[in-house]
Amino acid sequence: MTDASMDNPPPARARSLRQADANTRRRNAAEKRFRAYGMVAILTGLFFLTVLFVSIIRSGAPAFTRTVVNVEFTLTQDQMDAAESELFKTKAYSNLFIAALQGKLEERGMSVEFDEAAIERLLGKVGGTLRAHYKEFPDDVGKPVPFELAASSRVDGYYKGRVNRETLQDSRFLQLSDLDLVDALEEAQIIKQAFSWTFITGADSGVDNPGGAGIGAAVVGSFFMMLVVLVLSLPIGVAASIYLEEFAPQNRFTDLIEVNISNLAAVPSIVFGILGLAVFIQFMHLPQSAPLVGGLVLSLMTLPTIIISTRASLKAVPPSIRDAALGVGASKMQAVFHHVLPLAAPGILTGTIIGLAQALGETAPLLLIGMVGFVARGYPDGFVAGFTEPNSAMPAQIYTWAARADASFYEKAWGGIIILLAFLLTMNIIAIILRRRFERRW
Amino acid sequence: MNDMTVMDSTVEAQRTKMAAQNVNVYYGDTHAIKDVNVEIEDKTVTAFIGPSGCGKSTFLRCLNRMNDTIDICRVTGDILLEGEDIYDKRVDPVQLRAQVGMVFQKPNPFPKSIYDNVAYGPRIHGLAKNKADLDEIVERSLRRGAIWDEVKDRLQSPGTGLSGGQQQRLCIARAVATEPEVLLMDEPCSALDPIATAQVEELIDELRESYSVVIVTHSMQQAARVSQKTAFFHLGNLVEFGPTGQIFTNPEDPRTESYITGRIG
């Protein structure tokens, strides 16, 4: 048959292949249009992502710096004895500091009038800080000691543009004359911007001290919550999915469970919060505001996500692998744990990370168990206390800051978001590394 | 091709290894296998032939209870291995499958190294006392699978990286590594090219020395080439069962004749 047709030359076709017909042209045009839509969609996404990042970094970056006054201060033994013998000891120390500061300014030929009240507005209770230092390190007496004193949030604001001369109204916090002093100190290179470790490592401060507020304690709180979520929801979620996917009989009861798991994934998180309040705190009497309770509530929220993604990745493992294992006499459990689960591991890991990331950013359920509004003024004392002592979480801390009146807390909130994103990025990188490791086994 | 007559001389009476008595299989409401009686002999290749959907694969999967994994599948009747009913309540299907190995239609090596593929069965059944023992089992199995020479230098490379024919021979090696008594093959060559098919067929003939082999195949030439006994299935019925030479040259049932000559199927 084929031989016969080879002998004759092919009949001339009506139309050349080189010419696209109308139908082909239409299809090609449609494809081109579709590609263009795709490009536009991606570019739009990238644009908004860039805008987001730029605005977060621009608004948040100032939170990482603070304004400090660097003064080298020498206290002689006589000065110390004299100050200690006075009635208002810290006031005496303050006066010594003012004298020293004025000396520094005069060295550079500048003379600015300022009094103790002005220094207090700028730097807080300097006398107390100095006295505490010399009490703690008596050896420093008589030696020049470099002091780095944090400027008040108003001064900080003056540097970062939140406060300016036109809009400043004299108050007990800051007066116009103080800004002259600040300018003079800047000219003398005594006051400057420095990187603020306090913001990263510190705990939250009161509403009147934005300068001292840090997100460190909240990071620790979030970390402990994530530990609870990971330890609870990963094994429970994976075990539940393996049972449902590989072992459970297909009947109406398991169908019902399946539908409910899907529904749970869509339940608003605040519902889990009120459930946690009722069950964990009011019924089981677990401590309020504790990362343990927060973690439990977030585990409830994360479980459906992990179960759904784990089941999807178990389903994606080809059935021939199960047959192969069963065919050589493996039990069902051996087939699942030796062959199916390792193949599904990367998918399970991805689902877990998505679930954890969701839990990390969740604020609403924390509102109800008292982790918002609570001010973590210190670090938990030890590993166990990390779970049970009251603490905050990063999103809750950000929420608290954003709700405060002082504009410098607003800046802290943005800074907190940068830290939150950095935490998330770290988690993702760990997940990617783990994924690589799992995949390399084949 | 003179395959149709080759096997006559090699048929000798062997003792019965497996016997199916009045076996019926239901998938939900579908009656897939109807009252099948077959005797599978030791050290013999038995071929199941028949058109698609006739139930030959289903029946094969009953022989090592692989159908247990399908919820809606129900089996009645007795299937005996050495006189013991494998569907007895006291029989653990996992233990049974170590005795009745299976090779599947599509090569399905584990996504692990060649060594681990073969070593997996002996490992889970505790057949090797130590590493040297295991090495020996792996080598012996790969030799029996007629693939040793091709892979001996790369035992640690992934089994999924082999060609289709090599993968299927690896799967056969994996199946024989657990020292089964019966080897079931579900269209083992349907995904292979003619050269790989020839290699696998040669291998099947060698395996006959040690095992009872049951092979499901679509290719009648293949059945004629490798088997001593042939069973013809049609619409869930076992139409005819007998020595391969007789089935292909002198079938008793008109349906068998029609299928073999290409009129139905």
Side-chain angles (χ1 to χ4, degrees), chain A residues 1 241-259 310-350 434-442, chain B residues 60-61 63-72 92-113 116-127 141 156-161 167 170-180 183-186 191:
Chain A
M1 211 165 75
S241 333
I242 289 176
Y243 179 74
L244 283 174
E245 196 59 42
E246 304 283 338
F247 295 96
Q250 287 286 319
N251 56 32
R252 210 169 276 176
F253 182 64
T254 46
D255 282 352
L256 193 74
I257 289 177
E258 255 170 62
V259 170
T310 304
R311 292 191 64 180
S313 43
L314 286 174
K315 251 189 208 124
V317 175
S320 67
I321 292 296
R322 292 181 184 83
D323 280 350
L326 295 178
V328 295
S331 69
K332 200 150 185 184
M333 202 173 132
Q334 283 172 327
V336 170
F337 280 90
H338 295 167
H339 301 291
V340 179
L341 202 55
L343 283 176
I348 294 174
L349 216 64
T350 308
L434 283 177
R435 255 187 95 124
R436 286 270 160 80
R437 183 125 330 149
F438 274 124
E439 279 168 351
R440 207 181 294 158
R441 280 174 54 187
W442 322 117
Chain B
L60 188 78
R61 289 169 66 93
L63 296 180
N64 70 345
R65 291 185 61 174
M66 281 298 275
N67 281 336
D68 287 17
T69 58
I70 301 164
D71 281 336
I72 54 165
D92 185 355
V94 172
Q95 213 174 328
L96 170 74
R97 285 182 207 130
Q99 301 304 311
V100 184
M102 188 151 191
V103 175
F104 296 86
Q105 183 171 358
K106 227 180 92 202
N108 54 356
F110 299 128
K112 297 188 173 191
S113 72
D116 285 337
N117 260 286
V118 181
Y120 181 67
R123 262 191 201 134
I124 58 172
H125 297 300
L127 297 183
S141 307
Q156 294 310 322
S157 53
T160 40
Q167 284 188 15
L170 176 65
C171 290
I172 294 172
R174 182 177 65 190
V176 300
T178 57
E179 298 290 341
L183 202 53
L184 308 178
M185 298 186 169
D186 190 356

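To find a chain, count down the sequence lines: A is the first, B the second, and so on, and within it residues start at 1.
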Under a 4.5 Å cut-off applied to non-hydrogen side-chain atoms, are A:His338 and B:Ile124 in contact?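 Side chain of A:His338 against side chain of B:Ile124, heavy atoms only: contact under 4.5 Å found.
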With a cut-off of 6.0 Å (strictly less than), are more than 12 heavy atoms of other residues, nucleotides or ligands near CZ of A:Phe253?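 Atom CZ in A:Phe253 is not packed in, count stays at 12 or less.
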Atom NZ of B:Lys106 with >12 non-hydrogen neighbours under 6.0 angstrom: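 No, the 6.0 Å shell around NZ holds no more than 12 heavy atoms from other groups.
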Segment of [X] engaging chain A (4.5 angstrom heavy-atom cut-off):
X: B:Arg123; answer: neither
X: B:Thr69; answer: side chain
X: B:Pro109; answer: backbone

OG of A:Ser313 to CG of A:Leu343: how many Å apart, nearest 0.5 Å? 10.5 Å
